[in-house]
Amino acid sequence: MQLRFVGCGDAFGSGGRVNTCFHVAGQSVNFLIDCGASSLPALKRLGIVRDDIDLILITHFHGDHFGGLPFLLLDAQFTRRTRPLVIAGPKGIETRLAQLMEALFEHSSGTKQRFDLSVIALAPEEIRSFGGVRVTPYPVVHGESGGPFLAYRIEAEGRTVAYSADTEWTETLIPAAREADLFIAEAYYYDRIVKNHLSLVTLEAHLPEINARRLILTHMSDDMLGRLDSLPYTAAHDGLTVEL
Ligand SMILES: [Zn+2]
Ligand SMILES: [Zn+2]
């Protein structure tokens, strides 16, 4: 199984990076984690076959994680996708997706898809399986708007991938990422502690307890991007591929 960082940027294109979107593909699974506004051109640039994607997991409703869905869905419609697609995310996703479609492409939310589209709300700590993908959502802390916010622990093909989503430090990240084969964690700032986002020094204090086999930092501000050469961690970049 392989995970590709289609995009690992923040909301503001820091470092010229594309909004959050990770693509996971294996023998029997093919899914996206988040679909930020710039995801469709980024997927096309990497030659990722959108028709093979069965599932899109959304962590929250900020544009840099969720805003790419209308482009992806309309593209699927116009390119005559036939394969069913599941979009799963926090409570309210059905309404939020319809509102987003309407805001970006008027009347698009009422269009009947040519393919079977299921939009599914996930509840914190309720395990759901989609084909060979087992998903456990954990509630995280990321402010007042754009939520609910979910981190994901995802098991597929004998491997575990955890993604913190955007969040300030919260204890739920420990069960979400404990002993994961790969923990993708937000590291927005290095040592500046702010509300709603995770700083690397805060995360560092909890890494022994989390004990993930591999850590990759994502969603970095210019502050973090400027320090990467001096830090002993792997940081994502757009296009980075990880074998799991
Ligand atoms: Zn974000
Ligand atoms: Zn966010």
Side-chain angles (χ1 to χ4, degrees), residues 3-24 31-43 56-72 87-93 95-97 99-100 103-104 121-122 124 137-154 161-170 172-173 176-177 182-190 192-200 202-203 215-226 228 235-240:
L3 182 142
R4 201 148 194 210
F5 289 86
V6 178
C8 64
D10 63 0
F12 312 112
S14 297
R17 292 172 176 222
V18 169
N19 295 155
T20 297
C21 181
F22 315 141
H23 177 234
V24 183
F31 61 99
L32 294 183
I33 304 169
D34 275 342
C35 186
S38 45
S39 298
L40 181 60
L43 287 162
I56 304 175
L57 293 170
I58 297 292
T59 60
H60 65 294
F61 303 126
H62 284 158
D64 57 316
H65 298 257
F66 174 61
L69 287 176
F71 305 104
L72 204 81
I87 298 175
K91 186 169 178 248
I93 187 165
T95 309
R96 297 298 297 256
L97 180 58
Q99 290 168 344
L100 182 66
L104 298 192
L122 302 174
Y138 287 87
V140 292
V141 182
H142 185 47
E144 302 301 319
S145 68
F149 309 100
L150 298 175
Y152 288 118
R153 183 180 182 89
I154 302 161
V161 176
Y163 172 41
S164 68
D166 290 357
T167 182
E168 60 189 59
W169 173 256
T170 170
T172 55
L173 290 178
L182 171 62
F183 177 27
I184 303 168
E186 179 187 30
Y188 200 59
Y189 289 111
Y190 174 62
R192 205 173 127 198
I193 311 300
V194 296
K195 275 176 78 74
N196 307 334
H197 287 283
L198 193 52
S199 301
L200 181 59
T202 309
L203 175 66
L215 169 73
I216 299 185
L217 307 178
T218 191
H219 204 276
M220 293 165 282
S221 65
D222 285 327
D223 163 65
M224 264 300 290
L225 292 171
L228 289 184
H237 58 81
D238 294 352
L240 174 68

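Both counts, for ligands and for their atoms, begin at 1 and track the order of listing. Remember, it's a predicted structure, so these values are computed and weren't measured experimentally.
Around the Zn ion (ligand 1), the protein contributes the following N, O or S atoms at distances under 2.8 Å: Asp64 OD2, His65 NE2, Asp166 OD2, His219 NE2.
Screening Leu32, Val161, Ile33 for a side chain to side chain contact (heavy atoms under 4.5 Å, CB included) with Val24, the sole residue that qualifies is Ile33.
Every residue meeting the ring-ring contact (aromatic ring centres under 6.0 Å, His included) condition with Phe66, not counting sequence neighbours, appears here in chain and number order: Phe61. A search for salt bridge (charged side-chain N to carboxylate O under 4.0 Å, His left out) contacts involving Asp223 returns Arg227, not counting sequence neighbours. Checked against ring-ring contact (aromatic ring centres under 6.0 Å, His included), Tyr188 has the following partners two or more places apart in sequence or in another chain: His197, His219.
The backbone N or O of Val141 lies less than 3.5 Å from a partner atom in the side chain of Thr167, making a donor-acceptor pair.
Relative ring orientation between Tyr163 and His65 is described as parallel, the plane-to-plane angle staying below 30° on a 0-90° scale split at 30° and 60°.
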